[in-house]
There are 2 protein chains.
Amino acid sequence: MSSYYKEHEKFYVAVDIIIFGFDGERLNLLLIKRNFPPSKGKWSLMGGFLKNYESLDQAAERVLYTLTGLNNVFLEQLQAYGNIYRDPGERVISIAYYALIKIDDYDENLLEKHNAHWYPITDFPSLIFDHNNMVKRAIARLRRKAKTQPIGFEMLPAKITIPQLQKLYEAIYLKKFDKRNFRKKILSYNVLEKLDEKEKETSKKGAYYYYFNERKYSQLLENGYSFNVNI
Amino acid sequence: MSSYYKEHEKFYVAVDIIIFGFDGERLNLLLIKRNFPPSKGKWSLMGGFLKNYESLDQAAERVLYTLTGLNNVFLEQLQAYGNIYRDPGERVISIAYYALIKIDDYDENLLEKHNAHWYPITDFPSLIFDHNNMVKRAIARLRRKAKTQPIGFEMLPAKITIPQLQKLYEAIYLKKFDKRNFRKKILSYNVLEKLDEKEKETSKKGAYYYYFNERKYSQLLENGYSFNVNI
DNA sequence: CCAAAAGTGTTCAGCTTACACCCATGA
DNA sequence: TCATGGGTGTAAGCTGAACACTTTTGG
């Protein structure tokens with residue numbers, strides 16, 4: 001059985017990960033200043049080669065874990081990149097993934113070890129190979145996805161306030177929304193539950209905390225309703 | 001430079017193509033009854049191995065051309081599939097593509113040679129490996145995409161009638177639409193131009209032909225308007 | 001007491017949806 | 001003449017978008 005494919009060529013396969021994090025103000029990318037060849041000294045996405053004992057998804061999880069120390073985060077495949085000379089050194093097929101992480105959860109030491117830095121999506125250094133394209137596409141995907149699925153919550157702590165959530169959406173779409181309309185829309189899905197507690201860091205009056213009720217969201221989907229933030 | 005990656009493993013990389021065609025009534029898939037190993041005698045998508053002189057997109061074009069004799073058709077990457085045992089024979093990373101073709105354009109002889117057959121998306125044989133998943137995902141992508149981009153036209157001849165177009169959308173979404181609303185919506189984009197000619201095969205009265213004006217569509221997009229068929 | 005952020009309703013326009021009848025013509 | 005599919009308009013309901021003032025409280 002294992003002889004059918006002998007005549008065909010084999011290729012290096014890698015995964016590259018676009019890591020998004022929200023710092024309360026801006027949407028950020030986690031980028032690597034490479035202290036290893038090739039393209040040493042230049043900026044790139046975090047990546048790694050596929051190993052024969054892991055699936056693509058597992059490779060992406062491993063690479064993300066290596067850099068951040070995080071497991072069980074939102075991680076989704078973007079697409080494969082396979083131009084012949086995309087990596088000028090040698091031919092590599094790269095599968096791009098994007099991840100949404102809570103920006104305060106990661107392991108600082110690991111970031112330092114890998115020479116990783118956060119940059120806002122509006123202003124980050126030019127990246128090697130086709131990584132700029134990957135980022136562009138990942139942002140487009142995130143924007144599309146955030147309209148129909150509550151993935152924003154992946155980048156926020158369990159307890160959030162409505163103004164925080166609005167700031168996240170504004171950071172994703174790079175525009176301002178009307179706070180009355182935003183609150184109305186978000187609350188209309190009945191997936192947020194108001195707590196009796198207030199966040200008092202950012203204002204004197206304080207904003208009520210809510211938490212995202214995953215169970216209610218599942219029910220919403222099962223009943224054929226769809227989450228649809230029209231932005 | 002080419003020594004950096006020596007320590008890493010290499011993999012077979014293939015492309016598999018979900019080919020859609022519309023026969024005037026139903027949306028169909030072009031499937032292969034394999035007369036070659038592995039899984040000889042079973043049904044699968046058309047696929048082929050990546051060669052070192054071509055990009056992924058080029059590999060997909062080549063494979064599609066091999067089967068249909070068609071060039072310059074709508075062809076877009078879906079995503080990569082890389083589970084370890086997805087191909088029980090040997091490990092292969094497969095990049096799935098989907099294509100939209102005009103069902104009457106292909107080369108019949110080639111189809112016969114490859115043992116290829118059209119099956120409606122509502123009723124087709126079970127496929128090998130993870131090909132059923134690929135098809136499922138391709139249909140979902142097509143449905144999403146058809147809402148915001150006029151890709152339906154890729155499966156129709158240059159001259160179409162409104163009832164034909166409606167049947168295509170009904171075949172994609174597997175539901176009926178109101179013909180008054182459909183016509184109103186489609187014509188409101190002003191990308192269809194009415195001809196003085198009628199299609200008289202399917203009705204005695206005859207339906208006016210229209211043609212899709214690509215130039216007008218480009219202008220529509222440039223002006224910030226968006227094609228959005230609300231289905 | 002005041003600055004700063006949180007919270008709250010209403011109106012208008014545009015879009016989606018539902019719905020029924022006449023038209024043209026080949027057989 | 002009649003069966004078949006093509007073609008047409010309007011009204012109601014819903015959703016998105018625009019818009020300004022009051023509340024709370026720490027400093």
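Model, not experiment: these values are computed from the prediction. Convention: sequence-line order gives letters A, B, ...; per-chain numbering from 1.
Position along DNA chain C of the nearest nucleotide to A:Lys204 versus A:Tyr210 favours A:Lys204 as the more 5'-ward residue. When the nearest nucleotides of DNA chain D are assigned to A:Arg180 and A:Lys205 by heavy-atom distance, the more 5′-ward of the two goes with A:Arg180.
Ring centroid separation for the pair B:Tyr189 and B:Tyr217 does not come in under the 6.0 Å cut-off.
If you take CZ of B:Phe182 and P of D:dG9, they are 18 Å apart, rounded to a whole angstrom. Distance, B:Gln166 CD to D:dG5 P: 14 Å, rounded to whole Å. Nucleotide C:dC15 holds its P atom 16 Å from the CG atom of B:Leu187, rounded to whole Å. D:dA11 atom P lies 12 Å from atom NZ of B:Lys184, rounded to whole Å. Whole-Å rounding puts the B:Lys175 NZ to C:dT16 P distance at 13 Å. Atom-to-atom, CG of B:Asn181 to C1' of C:dA18 comes out at 7 Å; the value is rounded to the nearest Å. Counting to the nearest Å, the P atom of D:dG16 and the CD1 atom of A:Ile186 are 12 Å from each other. Summarising the geometry, the separation between CD on B:Gln164 and P on D:dG5 is reported as 14 Å, rounded to the nearest angstrom.
Of all nucleotides listed (D:dG6, C:dT17, D:dA18), D:dG6 comes nearest to the side chain of B:Ala207. For A:Lys185, taking side-chain heavy atoms from C-beta onward, the closest of the listed nucleotides C:dT8, D:dG16, D:dG6 is D:dG16. The B:Ser203 side chain lies nearest to D:dG5 when the options are D:dG5, C:dT10, D:dC19. Among D:dG7, C:dG7, C:dC19, the nucleotide with an atom closest to any side-chain atom of B:Arg183 is D:dG7. When the nucleotides D:dA20, D:dT10, D:dA18 are ranked by their closest atom to the side chain of A:Lys179, D:dA20 comes out on top.
Here the side chains of B:Pro125 and B:Lys42 are not in contact, with every heavy-atom distance at 4.5 Å or above.
Residues A:Asp57 and A:Tyr97 bring a donor and an acceptor atom of their side chains to less than 3.5 Å of each other.
At the heavy-atom level, B:Thr161 lies nowhere under 4.0 Å from the strands shown. Backbone-only contact: A:Lys200 has heavy atoms under 4.0 Å from sugar-phosphate atoms and none from a base.
Cation-pi contact between A:Lys159 and A:Tyr211: absent, since separation from the ring centre below 6.0 Å together with deviation from the ring axis within 45° is not met.
The side-chain hydrogen bond (donor to acceptor under 3.5 Å, both in side chains) with A:Ser44 is formed by just one residue from the set A:Arg34, A:Lys33, A:His131; it is A:Arg34.
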